[in-house]
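Below is one structure, written out as structure tokens; comments come after it.
Note that this is a predicted model, so its numbers are computed, not measured.
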Protein chains: 2
Amino acid sequence: MQKQWDIDSLTADIVKRIKKQTLADKNGKLPSERKLMAYYNVSRYALRQALGKLSKNGYIYQIQGRGSYIHEHHDQTNSINQSDLGFTEDLAREGKSIQTVSAFQRIVPFSEIDFSPGNQQFSDDQLFVEIERFRTLENKPYLVEHSYYLPEIVGEISEEAMYGSMFDYLSKEKGLTVGFIDKFIRCELLTESYATFFHLETNMPSLTVRDDSYLREGELVAFSKVYYDYRDATLFMHKKLLE
Amino acid sequence: MQKQWDIDSLTADIVKRIKKQTLADKNGKLPSERKLMAYYNVSRYALRQALGKLSKNGYIYQIQGRGSYIHEHHDQTNSINQSDLGFTEDLAREGKSIQTVSAFQRIVPFSEIDFSPGNQQFSDDQLFVEIERFRTLENKPYLVEHSYYLPEIVGEISEEAMYGSMFDYLSKEKGLTVGFIDKFIRCELLTESYATFFHLETNMPSLTVRDDSYLREGELVAFSKVYYDYRDATLFMHKKLLE
DNA sequence: GAGTGGTCTAGACCACTTA
DNA sequence: AAGTGGTCTAGACCACTCC
């Protein structure tokens, strides 16, 4: 009995072989789709779904009539890959440790919130769970995450969760699945308290990412703003044209 | 003879109908895939490719077992949508006019370049065409674009091109097609000359986007850095999870 | 159980590149 | 002419939601 591949495991296996350098030739050229179909014993559709994912994320590029090639991209040290990005950057990245050094939680009405989601309005007395988390990367101040959760959806948030991954917490403890996120990236000036955390002066800048997070069902579950130390943070993105 | 749809025209038509509000019901729910297949007389594959594009760009979201729904997103005023983004943001956006108010071109060796592409090194005497463009949005200083082109690939760049769209120029005049771009987003402090253009003080911040642009064939053709006025620039991105 | 989106197969033809 | 990726069809079964 031969191994059955689905698209996810197929994608993972191709990535593994690319990294182990056992798939492409010395010019970075992959075997043709027909050969890969035969090798993995999958249909054209399944194979192309897998290659499409790699292509979208910048691992490979494909040229009609010529073949598929590996795209050697940058060293991703200290850069946040948007394609891998979770909730509000809750992924522990290769060999790096992100820790929450302090966190605050309180309940506030909409009228006291200083930023709001892109496409939705609330009544002034709508309550939100406000969470502020100060986080370090390799023991160095790295980001401040300022979030508002809809209490009707998430309920109470435990103290332990605030020091771990909110994304995992919502999924495992609350059974909530985030389906998509709108992101707004800006550069803003720091207030005194955030600047102090980064050992910067007031009004020094910060790279900020505003997220509106929606459940799989399309309901807004949280909106947040993350302030990164501008000296360390780089967002990486790969853009495919001609689609 | 019925109209034949390909995926692009199908996608465009669905977008058009969504905008005209003649496709979804009052709850924002689209007809089922089977119904749309019948309506457009296309296969499941073609239809799902089209819906997949809309879904990826945040126009709709799909829920297994329930249906497809419109996602009303934000007001995109003054925000740069990464999914629509061209070369270095050369698209004239809805009703807004971007103009180049001054531009400089010179030839420099690699050794005099102050930033470099993510994954490639050049010898110190490799020459580049350096272009600096100062651009306004609605007659207000908006961005400075600092680019380096490989002369072996692009050849000479005409004066007119420098005041128009570099993307169109490469494509129409030089027959070069950009296939993909690596992007690195940061927040940086402005030097005096750039700050002056934005009517800001030296060391005020800027939202920057570094691009490495590759031809369809995988060859690096240019790398650039765009400095945006941090007060006006917002990058928008839609992220689909669970793929 | 009926209807929805998600996954996958087998096969065809087209557009492009290379020789 | 042969080989490559790009597009598209027809059909099947699965997982999930709703009644």
Side-chain angles (χ1 to χ4, degrees), chain A residues 2-12 14 24-25 27-56 59-71 175 177 179-180 215-219 240-243, chain B residues 2-12 14 24-25 27-56 59-71 175 177 179-180 215-219 240-243:
Chain A
Q2 211 171 336
K3 176 161 173 37
Q4 300 292 313
W5 298 95
D6 64 17
I7 292 177
D8 286 342
S9 57
L10 186 58
T11 309
I14 294 174
D25 69 14
N27 299 318
K29 181 175 183 175
L30 299 175
S32 73
E33 295 186 349
R34 270 83 171 176
K35 289 201 181 89
L36 288 171
M37 285 167 64
Y39 176 79
Y40 284 109
N41 191 34
V42 293
S43 69
R44 184 92 188 276
Y45 174 85
L47 182 72
R48 277 182 66 78
Q49 290 282 322
L51 293 183
K53 287 190 180 189
L54 299 190
S55 172
K56 180 188 139 197
Y59 285 107
I60 65 168
Y61 55 96
Q62 298 187 283
I63 309 173
Q64 187 172 35
R66 197 182 297 181
S68 304
Y69 298 83
I70 293 175
H71 172 48
T177 308
F180 51 94
L215 293 183
R216 199 167 49 92
E217 293 82 7
E219 248 184 320
K240 225 179 112 182
L241 306 177
L242 314 168
E243 294 188 273
Chain B
Q2 212 171 335
K3 175 163 173 40
Q4 300 292 312
W5 298 95
D6 64 16
I7 292 176
D8 286 342
S9 57
L10 185 58
T11 309
I14 295 174
D25 70 14
N27 299 317
K29 182 175 183 175
L30 300 175
S32 73
E33 295 187 350
R34 269 85 170 173
K35 289 202 181 90
L36 288 171
M37 284 167 63
Y39 177 78
Y40 284 110
N41 191 34
V42 293
S43 69
R44 185 93 188 275
Y45 174 85
L47 182 72
R48 278 182 65 76
Q49 290 282 322
L51 293 183
K53 286 189 181 191
L54 300 189
S55 172
K56 180 189 140 199
Y59 285 107
I60 64 167
Y61 56 96
Q62 298 187 284
I63 308 172
Q64 188 171 31
R66 196 180 299 181
S68 304
Y69 298 83
I70 293 176
H71 172 48
T177 308
F180 51 93
L215 294 183
R216 201 168 47 92
E217 293 82 6
E219 248 183 319
K240 225 180 112 183
L241 306 177
L242 315 167
E243 294 189 272

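Legend: residues meeting side-chain contact (heavy atoms from CB on, under 4.5 Å) with A:E33, ordered by chain and number and at least two apart, are A:R44, A:L47, A:R48, A:L51, A:Q62. Residues passing the side-chain contact (heavy atoms from CB on, under 4.5 Å) test with A:E217 are A:L215, B:I63, B:R66, sequence neighbours excluded.
Between the CG atom of B:N27 and the P atom of D:dC18 there is a distance of 13 Å, given to the nearest Å. Atom OH of B:Y40 and atom C1' of D:dT9 are 19 Å apart (whole Å). A:Q62 has its CD atom 5 Å from the P atom of D:dG6, to the nearest Å. Atom CD in B:Q49 sits roughly 13 Å away from atom P in C:dT7 (whole-Å rounding). For B:K240 and C:dG5, the NZ to C1' distance is 11 Å, given to the nearest whole Å. Straight-line distance from the CD atom of A:E33 to the P atom of C:dT9: 14 Å, rounded to whole Å. Whole-Å rounding puts the B:M37 CE to D:dT9 P distance at 9 Å. At whole-Å resolution of the value, CG in B:L36 and C1' in C:dG3 are 14 Å apart.
The main-chain N or O of A:D8 is found under 3.5 Å from a side-chain atom of A:D6 such that the two form a donor-acceptor pair.
Summarising the geometry, atom CG belonging to A:L30 is positioned 9.5 Å from atom OH belonging to A:Y69; distances are rounded to the nearest 0.5 Å. B:L10 CG to B:I14 CD1: the interatomic distance, rounded to the nearest 0.5 Å, is 4.5 Å.
B:K29 comes within 4.0 angstrom of no nucleic acid atom, judged by non-hydrogen atoms across all strands. Across all strands shown, A:L51 has no heavy atoms under 4.0 Å from either base or sugar-phosphate atoms.
At D:dG3, none of the side-chain N or O atoms of A:K35 fall inside 4.0 Å of OP1 or OP2 (strictly under the cut-off). Under 4.0 angstrom from either OP1 or OP2 of D:dG6 there lies at least one side-chain N or O belonging to A:R48. Side-chain nitrogen and oxygen atoms of B:S32 include at least one within less than 4.0 Å of the OP1 or OP2 phosphate oxygen of C:dT4. Taking 4.0 angstrom as the limit, A:S68 places a side-chain polar atom (N or O) nearer than this to OP1 or OP2 of D:dG5.
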### Message
Strictly under 4.0 angstrom, non-hydrogen atoms only: write out the protein contact profile of nucleotides 12-19 of chain C, one letter per nucleotide from the 5' end, B, S or -.
### Response
BB-BBBS-
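Heavy atoms only, all atoms of each residue included: A:R216 and B:Y61 are closest at O-CD1, 4.0 Å.
Ring-plane geometry between A:Y40 and A:W5 is classed as perpendicular, the angle between the planes exceeding 60 degrees on a 0 to 90 degree scale with a lower cut at 30.
Side chain of B:I7, nearest nucleotide from C:dG6, D:dC8, C:dT9: D:dC8. Here the nucleotide nearest the side chain of A:A46, chosen from C:dC8, D:dC8, D:dG5, is C:dC8. Of the candidates C:dC8, D:dC8, C:dG6, the closest approach to any side-chain atom of B:Y45 belongs to D:dC8.
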